[in-house]
Amino acid sequence: PTGPDFLASFAEQNLASGLLDNANEFRVRAKEWREDKATIQSLRDQALETYLAREETLRSTRITLVAEVAGAYLTLSADTALLQLAQETLASQQSSYTLTRKRVELGIGTELDLRQIETSVETARRDVAAYTAQVATDRNALVLLVGTSVPDTLLPPAGLDSVTAL
């Protein structure tokens, strides 16, 4: 017998044998047993839910970390490409300045032309400095996310085209 039939059978046997003094004592103990069983089941369910919640939190944290590392990697790649472009622009502007200065020395160009190209050179220098600082910040962010220094061989190539080819 199971359930209520089992309890009734148990009560009859134990009352008859004198193990239980009376039916009330049996009812109290049966009620306590059911409450204990419900409490144990509730605690077991709660422990399972806590475990599953922790596992989901861990999984979510890992996904977030991977996304953050990927974002930092792409940002570093893009800013490295911008730094290269700024360096190429600076080289081009310096070359133009050299040509313009020679033109002014030969009397072909004007001082205004020379001052305008000087401004362009200084703007390009400022851009190189800004992007150099940004790339350093991006590398530091990547190191912070990864938790250790990143070897140059693992750093992204410059530009999003080269990253999407990966």
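Basis for what follows: all heavy atoms, side chains included, without hydrogens, waters or symmetry-related copies. Because the structure is a prediction, the values reported are computed rather than measured. Numbering starts at 1 and runs along the sequence shown.
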Worksheet item: Atom CG of L99 and atom CZ of R103: how far apart are they, to the nearest 0.5 Å?
Response: 8.5 Å
Worksheet item: Are the side chains of T148 and V143 in touch, meaning some heavy atoms are under 4.5 Å apart?
Response: no
Discussion item. Membership question, hydrophobic clusters at under 4.5 Å side-chain separation (ILVMFWY): are L154 and L145 in the same one?
Written reply: yes
Discussion item. If I take atom CG from residue L85 and atom CG from residue L90, how far apart are they, to the nearest 0.5 angstrom?
Written reply: 11.5 Å
Discussion item. Check whether S77 reaches the backbone of P157 with its side chain - one donor and one acceptor, N or O, closer than 3.5 Å.
Written reply: yes
Worksheet entry | Side-chain ion pair, K102 and E105, N-O less than 4.0 Å | no
Worksheet, complete the sentence: Taken to the nearest 0.5 Å, the spacing of R62 CZ from L65 CG works out to 10.0 Å
Practice prompt. Answer whether the closest heavy-atom distance between the side chains of V69 and L142 falls below 4.5 Å.
Written response: yes
Response to the item:
Between I117 and S96 the two heavy atoms that sit nearest each other are CD1-CB, 3.6 Å
Practice prompt. Under the salt bridge (Lys or Arg N to Asp or Glu O under 4.0 Å) rule, collect the residues that match up with R44, sequence neighbours excluded.
Written response: none
Worksheet item: Does the side chain of D113 come under 3.5 Å of the side chain of T110 through a donor N or O and an acceptor N or O?
Response: yes
Item to complete: Under the side chain to side chain contact (heavy atoms under 4.5 Å, CB included) rule, collect the residues that match up with D152, sequence neighbours excluded.
Response: R139, L155
Item to complete: Determine the sole option in L83, D127, T137 for which the side-chain contact (heavy atoms from CB on, under 4.5 Å) test with T132 is passed.
Response: L83
Worksheet item: Taking T50 for the side chain and Q46 for the main chain, is one N or O donor matched with an acceptor at less than 3.5 Å?
Response: yes
Practice prompt. Identify, with sequence neighbours excluded, every residue that meets side-chain hydrogen bond (donor to acceptor under 3.5 Å, both in side chains) alongside E118.
Written response: Y97, R115
Discussion item. Rounded at 0.5 Å granularity, tell me how far CG in L82 sits from OG1 in T75.
Written reply: 11.0 Å
Discussion item. Is the shortest side-chain heavy-atom distance between L58 and R54 below 4.5 Å?
Written reply: no
Item to complete: Rounded to the nearest 0.5 Å, what's the gap from OG1 on T80 to CG on D138? Could you check?
Response: 7.0 Å
Worksheet item: Backbone N or O of A53 within a donor-acceptor pair of the T57 side chain at under 3.5 Å?
Response: yes
Fill in: Atom pair CG (D79) and CG (L74), whose distance is rounded to the nearest 0.5 Å
11.0 Å
Discussion item. Quick one: does any side-chain atom of S95 pair with a main-chain N or O of A91 as donor and acceptor, under 3.5 Å?
Written reply: no
Item to complete: Examine L106 and L112 and state if one hydrophobic cluster contains both, with Ile, Leu, Val, Met, Phe, Trp and Tyr joined whenever side-chain heavy atoms are less than 4.5 Å apart.
Response: no
